[in-house]
Amino acid sequence: MRMSGVRYVSQLAPGKITLWCFLIWYAATVVRHFDPAPSIWLNALGISAIVGVALYLSVREPGKPSPDRWTVLRLFLMPFCVSSFSQLIKGRGFVLVFPPDARELAISAGACGAFVLVVLLLKRLNPGVTA
C-alpha cells in the first residue's frame, strides 16, 4: 500500500525529520552556489559510488533482509551531497556548514524550521497515526 505524502510526513520520527532538514539545507545551498562544472558532480558521483558501496556492505547482514530501497538511496545520496556541498562552499567563507551571509543563513534555517512546523502541525492534526 502506498503511503500518501501527508501520512508519510505525519509519521516522521525525529531522526528522519533531521535527515530531511539536512537535505533542505543542502538544496538551499546548492541553489545559491550552484556551479555547473562537470568535475564537481562527477567527483561527487564517484565518491558516492565508492562510499555508498562501503556503507551498503557495512549494513548488509547475511541471512537478514536487504535494507529497504530508501535506506539504500540514503547510503549513496549522503556521500554525494557531502562531497558536492564541500566543493560548492570551498573558499566562500562558510564556518562549518553555515554561510557568512545572514540572509542566506536565514533562508536555509527558515526552510528547515518551516518544514519542522509542517511536520508538527500534521502530527497534531493526525494524532492517531503511528510510525
Side-chain angles (χ1 to χ4, degrees):
M1 180 170 114
R2 291 188 94 173
M3 195 182 307
S4 75
V6 170
R7 183 177 168 100
Y8 171 78
V9 171
S10 68
Q11 291 181 347
L12 285 174
K16 295 279 175 65
I17 294 168
T18 303
L19 288 175
W20 276 107
C21 281
F22 290 165
L23 185 60
I24 290 165
W25 192 280
Y26 170 79
T29 302
V30 169
V31 166
R32 176 87 166 97
H33 299 282
F34 181 76
D35 184 338
S39 62
I40 291 173
W41 307 104
L42 291 173
N43 287 336
L45 281 173
I47 289 169
S48 174
I50 293 167
V51 175
V53 167
L55 290 171
Y56 179 78
L57 293 173
S58 76
V59 300
R60 182 74 174 100
E61 296 183 42
K64 293 193 177 180
S66 295
D68 65 86
R69 63 187 169 129
W70 295 113
T71 299
V72 173
L73 175 66
R74 284 193 308 270
L75 295 175
F76 286 85
L77 185 61
M78 283 190 232
F80 176 84
C81 292
V82 168
S83 176
S84 59
F85 186 93
S86 67
Q87 284 297 307
L88 293 174
I89 68 168
K90 185 178 180 181
R92 295 182 187 260
F94 277 64
V95 177
L96 300 174
V97 298
F98 304 105
D101 178 48
R103 182 173 167 261
E104 183 179 349
L105 179 60
I107 290 169
S108 296
C112 290
F115 175 75
V116 171
L117 287 175
V118 167
V119 171
L120 294 175
L121 177 65
L122 289 175
K123 285 181 178 293
R124 179 166 266 199
L125 294 173
N126 298 301
V129 177
T130 58

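Source: prediction; values computed, not measured.
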**Q** Report the residue from Val97, Ile107, Ile89 that forms a side chain to side chain contact (heavy atoms under 4.5 Å, CB included) with Thr29.
**A**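 Exactly one option meets the side chain to side chain contact (heavy atoms under 4.5 Å, CB included) with Thr29, and it is Ile89.
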
**Q** Are Ile24 and Val118 connected into the same hydrophobic cluster when the rule is that any two of I, L, V, M, F, W, Y join if their side-chain heavy atoms are below 4.5 Å apart?
**A**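 Yes, because Val118 and Ile24 connect within a single hydrophobic cluster, where side-chain heavy atoms sit under 4.5 Å apart.
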
**Q** The criterion is ring-ring contact (aromatic ring centres under 6.0 Å, His included); which residues satisfy it with Phe85, sequence neighbours excluded?
**A**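 Testing Phe85 for ring-ring contact (aromatic ring centres under 6.0 Å, His included), a comparison that skips the adjacent residues, returns none.
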
**Q** Name the orientation class of the two ring planes belonging to Phe34 and Trp41 (parallel below 30°, tilted from 30 to 60°, perpendicular beyond 60°).
**A**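 It falls in the parallel class, under 30°.
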
**Q** Is the closest side-chain heavy-atom distance between Trp70 and Lys16 below 4.5 Å?
**A**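 No - every pair of side-chain heavy atoms lies 4.5 Å or more apart.
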
**Q** Work out which heavy atom in Val59 is nearest to a heavy atom in Pro67; give both atom names and the distance.
**A**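 Looks like CG2-CG, 3.8 Å.
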
**Q** Judged by atom type as modelled, is there a donor-acceptor pair below 3.5 Å linking the side chain of Ser10 to the main-chain atoms of Leu122?
**A**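 Not confirmed, Ser10 side chain does not pair with Leu122 backbone.
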
**Q** Minimum heavy-atom separation for Val30 and Leu88, please, with both atom names.
**A**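 Scanning both residues completely, I find the closest heavy atoms to be CG2-CD1, 3.7 Å.
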
**Q** Between Trp20 and Leu12, which heavy-atom pair has the shortest distance, and what is it?
**A**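 Smallest interatomic distance, heavy atoms only, reads CD1-CD1, 3.9 Å.
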
**Q** Going from CZ on Arg124 to CG on Leu117, what distance comes out if it is rounded to the nearest 0.5 angstrom?
**A**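 That separation rounds to 11.5 Å.
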
**Q** Drop me the distance from Ile47's CD1 to Gln87's CD, to the nearest 0.5 angstrom.
**A**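 Reported value, rounded in 0.5 Å steps: 8.0 Å.
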
**Q** Look up atom CZ in Phe80 and atom CG in Asn43, then write down how far apart they are to the nearest 0.5 Å.
**A**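 Here the interatomic distance stands at 10.5 Å.
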
**Q** When you look at Val51 and Val82, which way does the side chain to side chain contact (heavy atoms under 4.5 Å, CB included) test go after all the steps?
**A** CA-CA 11 Å; Val51 175; Val82 168; over 6 Å; no

**Q** What's the spacing between Leu120 CG and Leu125 CG if we round to 0.5 Å?
**A**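 These two atoms lie 11.0 Å from each other.
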
**Q** Where is the tightest heavy-atom contact between Tyr26 and Cys81, given as atom of each residue plus distance?
**A**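 So the two residues come closest at CE1-O, 3.4 Å.
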
**Q** Can you name the nearest heavy-atom pair linking Cys21 to Cys112, along with the distance?
**A**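 Answer, listing the atom of Cys21 first, then Cys112: O-SG, 3.3 Å.
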
**Q** Locate the shortest heavy-atom distance separating Pro79 from Arg74; write the atom from each residue and the value.
**A**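 It is CD-O, 4.3 Å.
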
